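Inspection log for the structure reproduced underneath, given as structure tokens.
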Amino acid sequence: MKKVVLAYSGGLDTSVAIHWLKARGYEVIAYMADVGQEKTTHAAIERAKKAGASKVVVKDLKKKFVTDYIWPALKAGAIYEGRYTLATALSRPLIAAEQVAVAHAERATAVGHGCTGKGNDQVRFEVTTQALDGTLEILAPVREWEFKSREEEIAYAHKHGIPIDVTKKSPFSIDKNIWGVSVEAGVLEDPNVEPPAESFQWTQGAEKRNLREKTVEIQFEGGVPVGLGGRKIEPLKLIAELNDLGARYGIGRMDMIENRLVGIKSRETYEAPAATILLQAHKDLESLVLDRELLHYKEGISLKYAELVYYGLWFTPLRQALDAFIETTQKKVTGTVRVKLRKYSSHVVGRKSPYSLYKESLATYSEKDKFDQKLAKGFIDLWALPYKK
Ligand code: ARG
């Protein structure tokens with residue numbers, strides 16, 4: 001019997017997919033990747049077995065997600081179309097790469113996912129699989145099967161004794177991990193409808209909260225955050241703390257129309273408190289320690305990097321080359337940034353670094369001034385020379 005490793009979330013689609021693939025002659029191994037989506041795996045594992053999985057493999061990928069995906073994206077300053085901090089997009093190559101590893105360990109000849117044919121995630125999964133092992137067969141049941149509605153899928157589940165939890169189904173499609181939450185569908189499909197309070201997952205209730213301004217101090221070393229308020233703290237905890245704190249303030253909400261890779265414009269809302277605060281602080285520290293030309297050049301790199309992540313091109317020579325470039329820019333991104341949190345927004349209010357290129361004696365308008373203003377005239381005359389006359 002052919003063996004497939006199916007990326008399994010525990011939800012309706014992938015539960016039904018287990019049974020559906022089995023009915024088409026596959027032995028199905030359900031693979032669950034923990035990237036911090038806060039789901040209880042216990043019931044999901046049972047569901048997978050009842051649906052017909054021969055085995056369930058659970059991988060805790062949270063640490064790897066931070067060090068190998070989130071931190072590189074932070075150093076790159078990767079933000080898609082000016083807002084999306086890429087939580088979902090960054091998780092896909094990791095989940096797919098580990099899936100390939102599971103397939104090898106289990107001697108499977110196929111991998112499968114539960115993505116639809118309209119989104120970006122199918123692309124990210126499949127490009128990763130093909131880049132890492134082009135011999136694996138790729139199965140995408142949701143793209144092919146006969147069900148035309150959720151009701152038909154539920155009927156199929158009932159008929160085949162697959163236990164599903166329909167009562168708790170949210171009217172939205174939600175994807176969560178430690179770097180953020182993505183929410184779409186339901187009433188959000190009308191781009192002119194304001195996201196209702198209940199569509200927010202982490203920041204819900206911020207509107208009603210009476211909050212004082214609060215300043216957080218973030219320590220960076222070599223481009224990555226290592227401490228909060230002078231206290232060393234490990235990466236997962238640091239992100240979790242900033243998510244909790246930022247979420248109370250409603251920080252990191254984004255409501256956008258984005259351009260999908262498959263040509264569709266879609267409306268999605270995101271919540272990414274930690275990502276928003278950290279990207280902001282990191283960029284600010286860079287402005288203190290990187291020279292003008294490097295800083296400006298890197299802005300173009302950030303855009304390209306975000307596109308590569310969004311387009312599913314993580315395992316490519318260009319992404320690796322950009323990482324090598326970015327790494328050389330981060331050596332001096334060490335220092336402390338103070339960020340003020342207010343309802344719905346965060347602002348950098350102070351920054352310092354042992355590598356600061358800011359020289360008070362050059363910038364000041366006081367008597368401490370060491371800048372020779374007379375030099376300016378010659379500089380301007382040569383600068384203007386091509387345009388004179
Ligand atoms: N639009 C985002 C992306 O392509 C998120 C996709 C998943 N969103 C969701 N609500 N299930 O990266």
Side-chain angles (χ1 to χ4, degrees), residues 7-15 17 32-39 44 65 69-70 72-74 76 78-97 113-128 140 142-143 150 153 168-191 193 195-196 198-204 252-272 275-276 279 302-315 319:
Y8 173 70
S9 71
L12 177 66
D13 285 345
T14 50
S15 299
M32 302 184 78
D34 179 3
V35 284
Q37 56 270 59
E38 309 168 335
K39 280 227 178 87
F65 189 30
Y69 294 79
I70 292 174
L74 175 65
I79 299 178
Y80 185 67
E81 296 189 340
R83 279 170 286 183
Y84 175 32
T85 50
L86 296 163
T88 299
L90 279 166
S91 73
R92 297 319 188 207
L94 167 63
I95 295 170
H113 61 71
C115 307
T116 72
K118 295 175 73 168
N120 298 310
D121 287 331
Q122 52 173 347
V123 182
R124 298 168 184 150
F125 270 106
E126 294 180 32
V127 170
T128 301
V142 175
R143 224 161 44 193
R150 211 181 132 71
E153 267 186 73
K168 272 200 242 137
K169 172 68 185 169
S170 152
F172 308 102
S173 160
I174 298 161
D175 183 67
K176 243 186 230 183
N177 65 50
I178 46 182
W179 203 228
V181 192
S182 311
V183 186
E184 65 178 356
V187 293
L188 296 173
E189 282 178 0
D190 180 346
V193 164
E198 68 276 12
S199 69
F200 295 105
Q201 307 299 308
W202 287 350
T203 63
Q204 217 177 87
R253 283 184 182 180
M254 295 150 256
D255 172 356
M256 63 188 282
I257 305 297
E258 74 189 42
N259 289 288
R260 282 191 197 164
L261 188 51
V262 294
I264 301 170
K265 277 193 194 292
S266 67
R267 199 277 187 94
E268 186 120 25
T269 64
Y270 298 100
E271 292 157 87
T276 299
L279 279 157
S302 299
L303 285 178
K304 189 72 211 172
Y305 200 94
E307 275 181 7
L308 291 178
V309 171
Y310 191 87
Y311 295 170
L313 301 178
W314 183 265
F315 288 100
R319 198 272 306 164

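Starting from 1, each residue takes its place in the sequence as its number. Being a predicted model, the structure only gives us computed values, none of them experimental. All ligand and atom numbering here is 1-based and tracks the order in the structure.
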*Just distances here: any N/O of Ser173 and N/O of ligand 1 closer than 3.5 Å?*
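Right, the criterion is met.
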_Parallel, tilted or perpendicular: rings of His113 and Phe125 (30°, 60°)_ =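 Answer is parallel, since the angle falls under 30°.
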*Salt-bridge contact Lys118-Glu184 (side-chain N to carboxylate O under 4.0 Å)*: no
*Is the shortest side-chain N to carboxylate O distance from Glu307 to Lys304 below 4.0 Å?*
yes
*side chain to side chain donor-acceptor pair (under 3.5 Å) between Tyr310 and Glu258: does it pass, once the steps are laid out?*
CA-CA 11 Å; Tyr310 191 87; Glu258 74 189 42; 2.7 Å; yes
*Select one of side chain, backbone, both or neither to describe which atoms of Glu258 lie under 4.0 Å from any atom of ligand 1, heavy atoms only.*
side chain
_Heavy-atom pairs closer than 4.0 Å: do any link ligand 1 to the side chain of Tyr311, the backbone, both, or neither?_
neither
*Contact with ligand 1 for Tyr84, non-hydrogen, under 4.0 angstrom*: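 Yes, Tyr84 has heavy atoms under 4.0 Å from ligand 1.
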_Taking only non-hydrogen atoms of Tyr270, do any sit less than 4.0 angstrom from ligand 1?_
yes
For ligand 1, which atoms, with element, lie under 4.0 Å from some heavy atom of [X]?
X	value
Asn120	3 (C), 4 (O)
Glu268	1 (N), 2 (C), 5 (C), 6 (C), 8 (N), 9 (C), 10 (N)
Arg124	3 (C), 4 (O), 12 (O)

*State, without any angle test, whether Glu268 and Tyr84 hold a side-chain donor-acceptor pair at a distance under 3.5 Å.*
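No donor-acceptor contact under 3.5 Å links the two side chains.
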*Trp179 and Tyr69: aromatic ring centres closer than 6.0 Å?*
no
